[in-house]
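In this chain, numbering begins with 1 at the start of the sequence shown. Please read all numbers here as calculations on a predicted model, not as lab measurements.
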Amino acid sequence: MHMITERLVSIDEIYAAAEHIANVAVKTPLVRAPFEGAGADVWLKAESLQPIGSFKLRGAANKILQLTPEEVRRGVITYSSGNHAQGVAYAARAVGAKAVIVMPSNAPAIKRAATLALGAEVVDVGVASSERLAKAEELVREHGYVVVPPYDDPAIIAGQATCGLEIMESAPDVDLVLAPVSGGGLLSGVATSVKLLNPKAIVIGVEPELAGDAAESFRTKKIVTWPAELTSRTIADGLRTQSVGVRNFAHIQAYVDKIITVTEAEIRAAMRAIVATTRLVPEPSGAVTTAALLFHAAELPAYHKAVAVVSGGNVDPRQLAEVLTEAP
């Protein structure tokens, strides 16, 4: 059983992260989202408006901007299905470091192309998270690269936590915050910021039913791993990680109130609702929190003001067109 033995990120580390990344990431807006059928005061945290189209720039920049000159010379490596890859490539370019990305063969073409366009070198492996990690470790042994983990790292958690910091600065009276969860970087960071600044606010993680390992882990109080054949079924390609990180789970156990799952149809409907209501463009992973608000009201507490994090907007244009034009 995984107990809370990991040191938790402090509010001072989160404020420091906000300073580190100030010239690389942007402070994204809260966009009012008057969805039909949801509570009166719903806002979306538009992380899709980051320079790379997702929140992942926050953690990657916080980690990479703290590297020593010697580490920058060695170059950085990570393993990612797309958004973290772009975050690492963007932040590495900002400091002049080489970036190597180990990517699964089923990564969306749009994310792969964007990573290459940022100057990174891409190495292909199979679909399992474990294959990505093993290949990255092999290349580190060969070349001495510095690993920038996707989620299970204090600097990454503190970086992602700046998203929660901004939510609390923009909406100090928020009483419900929803964030997607996969490896747990975003949820652990957002929950830490929100709870340290307002312990009464409720924080809920949301993930696809077809990749529901985090919900099972939360329920059983121990980290469970789902096979890639199961997690790769969901349209939400950013939420296919097979298990939450150990450090992330410690933060989730300490600060998250609940994790709920949403169906594929609900994710697609939420994408349509976000586009129609706010004109933001969400990728499927970024729409799960709206899906929870729209279709799982019975599992949510009563709230006056809710903020749902739209984690990214890097959606394949053909997929977006298909979702927007299909019959509800």
Counting only heavy atoms not in H143 (residues, nucleotides, ligands), do more than 12 fall under 6.0 Å from its NE2? yes

Quick one: do the H20 and N62 side chains pair a donor with an acceptor below 3.5 Å?
yes

**Message:** I want to check a possible cation-pi pair here: R58 against F55, using under 6.0 Å from ring centre and within 45° of the ring axis as the test.
**Reply:** no

Worksheet item: Does the distance from a Lys or Arg side-chain N to an Asp or Glu carboxylate O, for K111 and D316, drop under 4.0 Å?
Response: no

Treating R132 as the side-chain partner and M103 as the backbone partner, does any N or O pair qualify as donor plus acceptor under 3.5 Å?
no

If you count heavy atoms of other groups shown closer than 6.0 angstrom to NZ of K27, is the number above 12? no

Worksheet item: Are the side chain of R93 and the backbone N or O of Y90 linked by a donor-acceptor pair below 3.5 Å?
Response: no

For this session: Flag the pair R240 and E207 as a salt bridge only when some basic side-chain nitrogen lies within less than 4.0 angstrom of an acidic carboxylate oxygen.
Result: no

Only residue of I260, V206, I204 satisfying side-chain contact (heavy atoms from CB on, under 4.5 Å) with E299 is I260

Give a yes or no on whether N23 atom CG has more than 12 heavy-atom contacts from other residues, nucleotides or ligands under 6.0 Å away. no

Mark yes or no for whether S48, through its side chain, and G312, through its backbone, hold a donor-acceptor pair below 3.5 Å.
no

For the backbone of T263 and the side chain of E266, can you confirm whether one donor and one acceptor N or O come within less than 3.5 Å of each other?
yes

**Prompt:** Can you tell me if K45 and T28 form a side-chain donor-acceptor pair at under 3.5 Å?
**Reply:** yes

Over 12 foreign heavy atoms within 6.0 Å of CD, E142:
yes

Is the closest side-chain donor-acceptor distance between Q86 and T115 under 3.5 Å? no

inquiry  = Looking at V315, is its backbone amide N or carbonyl O close enough to the side chain of E283 to form a donor-acceptor pair, meaning the two atoms are under 3.5 Å apart?
reply    = no

Review point. Can you tell me if Q160 uses its side chain to pair, donor with acceptor, with the backbone of G185 under 3.5 Å?
Key: no

